[in-house]
Trainee: 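Here it is: the structure, laid out below.
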Amino acid sequence: MNIILLGPPGAGKGTQARRLVEERQMIQLSTGDMLREARSSGTEMGKKVAAVMDAGELVTDEIVIGLIEEKLEGERAGGFIFDGFPRTLPQADALGTLLAKHGATLDHVIEMRVDDEALVARITARSTCASCGEVYNDLTKPQPADGKCSNCGGTEFKRRADDNEESLKTRLLAYYKQTSPLIGYYYAKDMLTSVDGLGEIDAVAQDISAVMG
Ligand code: AMP
């Protein structure tokens with residue numbers, strides 16, 4: 001099964017994707033993670049996109065479509081979770097074409113709805129384990145008191161360079177201008193289901209599972 005998790009920054013797409021990886025042996029394809037990896041390994045592409053990402057703007061369609069194309073050539077396991085991709089209409093068209101090329105289809109597009117105020121609160125409080133990427137939140141899920149990641153025992157935590165109020169404004173604007181048209185796009189294709197992303201992580205996970213069957 002192949003699904004898209006669609007929603008603004010901070011909606012919880014990454015957190016839910018990680019659960020699906022564990023529970024259903026699916027493969028998470030996060031273009032944000034791929035771009036951050038390219039940055040930290042200092043590739044030419046990574047250097048090129050760093051300033052764009054820090055400003056909260058979108059990287060070119062060509063770059064992210066290329067990243068996804070490479071991954072679709074690889075292993076498929078229980079299917080793909082597209083997390084943070086597609087973010088524009090040309091990306092959505094390209095994904096349809098790429099999947100068709102591999103004889104695959106998109107089964108569900110799950111929109112995670114969260115209001116803007118909650119997004120700002122979530123994002124400015126967010127940190128992750130530097131080793132495994134487990135997500136923490138100063139307000140709702142603080143880093144363990146013993147300083148060790150509850151998932152992998154790692155002791156280093158980091159905050160994303162773009163998780164500040166200024167970049168977030170640009171990221172939200174990019175979401176409303178360039179990504180939210182995908183809601184109508186997939187609705188018209190009869191693929192869209194919306195879930196309330198504001199609840200507890202377990203409750204949201206249950207809603208997503210119900211959609212996937
Ligand atoms: P994310 O981790 O999904 O919040 O992505 C972090 C940043 O990476 C975004 O603010 C964009 O600058 C860039 N990015 C990630 N995915 C895409 C995409 N599909 N299209 C364009 N830019 C992207």
Side-chain angles (χ1 to χ4, degrees), residues 2-18 20-21 27-41 43-72 80-99 106 109-114 116 118-130 132-137 158-183 185-186 197:
N2 300 309
I3 68 162
I4 293 175
L5 293 181
L6 187 64
K13 303 184 296 291
T15 300
Q16 295 297 333
R18 288 169 64 82
L20 291 169
V21 169
I27 297 173
Q28 176 187 11
L29 294 185
S30 156
T31 39
D33 285 350
M34 294 174 208
L35 291 165
R36 277 185 288 279
E37 207 178 296
R39 279 182 73 160
S40 61
S41 54
T43 64
E44 275 314 304
M45 187 262 279
K47 284 181 205 156
K48 219 161 95 184
V49 300
V52 177
M53 291 177 76
D54 286 347
E57 284 159 13
L58 293 190
V59 169
T60 63
D61 289 337
E62 196 192 348
I63 288 179
V64 289
I65 292 167
L67 287 171
I68 289 289
E69 191 169 8
E70 266 174 42
K71 299 284 177 182
L72 292 187
F80 294 112
I81 309 154
F82 297 97
D83 159 12
F85 178 91
R87 262 177 157 97
T88 64
L89 290 168
Q91 289 179 24
D93 280 336
L95 178 60
T97 307
L98 285 173
L99 286 172
L106 197 56
V109 177
I110 303 175
E111 183 208 359
M112 301 177 64
R113 288 197 176 155
V114 179
D116 289 356
L119 294 175
V120 177
R122 277 187 185 187
I123 285 208
T124 50
R126 173 161 80 173
S127 62
T128 55
C129 168
C132 75
E134 183 76 2
V135 182
Y136 293 94
N137 183 294
K158 56 184 185 184
R159 289 187 194 268
R160 280 172 48 169
D162 58 349
D163 274 353
N164 60 72
E165 256 181 80
E166 206 39 50
S167 297
L168 181 58
K169 276 185 204 146
T170 315
R171 285 158 74 195
L172 277 176
L173 206 64
Y175 179 77
Y176 290 119
K177 267 169 84 170
Q178 291 163 278
T179 308
S180 67
L182 299 185
I183 296 170
Y185 176 95
Y186 286 118

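Start at 1 and go down the list; that is how both ligands and their atoms are numbered.
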Trainee: Do any N/O atoms on S30 end up under 3.5 angstrom from N/O atoms on ligand 1?
Mentor: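 No, S30 has no N/O under 3.5 Å of an N/O on ligand 1.
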
Trainee: Look at atom 3 (O) of ligand 1 and find which of R87, K13, E57, M53 reaches it with the closest heavy atom.
Mentor: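 Comparing heavy atoms across R87, K13, E57, M53, the nearest one to atom 3 (O) of ligand 1 lies in R87.
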
Trainee: Just to confirm my output: which protein heavy-atom neighbour is closest to atom 14 (N) of ligand 1, and how far is it?
Mentor: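 So the nearest neighbour among protein heavy atoms is L35 CD1, 3.4 Å.
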
Trainee: Would you mind telling me if ligand 1 is within reach of the side chain of R160, the backbone, both or neither, using heavy atoms under 4.0 Å?
Mentor: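 Only the side chain of R160 comes within reach of ligand 1.
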
Trainee: Are D163 and R171 within salt-bridge range, i.e. N to O under 4.0 Å?
Mentor: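 Between R171 and D163 there is a salt bridge, with a charged N closer than 4.0 Å to a carboxylate O.
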
Trainee: Under 4.0 Å from a heavy atom of T31: give me the atoms of ligand 1 that qualify, with their elements.
Mentor: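 With T31 as reference, the close atoms of ligand 1 come out as 15 (C), 16 (N), 17 (C), 18 (C), 19 (N).
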
Trainee: Give the C-alpha distance, both sets of side-chain angles, the deciding distance and a yes or no for side chain to side chain contact (heavy atoms under 4.5 Å, CB included) between Y186 and L106.
Mentor: CA-CA 10 Å; Y186 286 118; L106 197 56; 3.7 Å; yes

Trainee: Can any side-chain N or O of D162 pair as donor or acceptor with the backbone N or O of G56 at less than 3.5 Å?
Mentor: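 No: the side chain of D162 does not pair with the backbone of G56.
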
Trainee: Is there a donor-acceptor pair closer than 3.5 Å between any side-chain N or O of K13 and the backbone N or O of P8?
Mentor: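 Yes, because the side chain of K13 sits within donor-acceptor range (under 3.5 Å) of the backbone of P8.
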
Trainee: Kindly indicate, with the supporting measurements, whether the criterion side chain to side chain contact (heavy atoms under 4.5 Å, CB included) is fulfilled by R87 and Q178.
Mentor: CA-CA 7 Å; R87 262 177 157 97; Q178 291 163 278; over 6 Å; no

Trainee: Considering both backbone and side-chain atoms of R36, is one of its nitrogen or oxygen atoms within less than 3.5 Å of a nitrogen or oxygen in ligand 1?
Mentor: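 So ligand 1 has an N or O lying under 3.5 Å from an N or O of R36.
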
Trainee: Any idea which protein heavy atom is nearest atom 20 (N) of ligand 1, and the distance to it?
Mentor: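 Answer for atom 20 (N) of ligand 1: Q91 NE2, 3.0 Å.
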
Trainee: Is it the case that ligand 1 has an N or O less than 3.5 angstrom from some N or O of L58?
Mentor: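 Min N/O separation from ligand 1 is not below 3.5 Å for L58.
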
Trainee: How about L168 and L172: do any of their side-chain heavy atoms sit closer than 4.5 Å?
Mentor: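 Yes, side chains in contact.
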
Trainee: Say whether V59, considering both its backbone and side-chain N or O atoms, lies within less than 3.5 Å of an N or O atom on ligand 1.
Mentor: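 Yes, since at least one N or O of V59 sits under 3.5 Å from an N or O of ligand 1.
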
Trainee: Does CZ in R159 sit with more than 12 non-hydrogen atoms of other residues, nucleotides or ligands closer than 6.0 Å?
Mentor: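 Enclosed: over 12 neighbouring heavy atoms sit under 6.0 Å from CZ of R159.
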
Trainee: Please identify which atoms of ligand 1 are closer than 4.0 Å to at least one heavy atom of G84.
Mentor: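 Going through ligand 1 atom by atom, the ones under 4.0 Å from G84 are 16 (N), 17 (C), 18 (C), 19 (N).
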
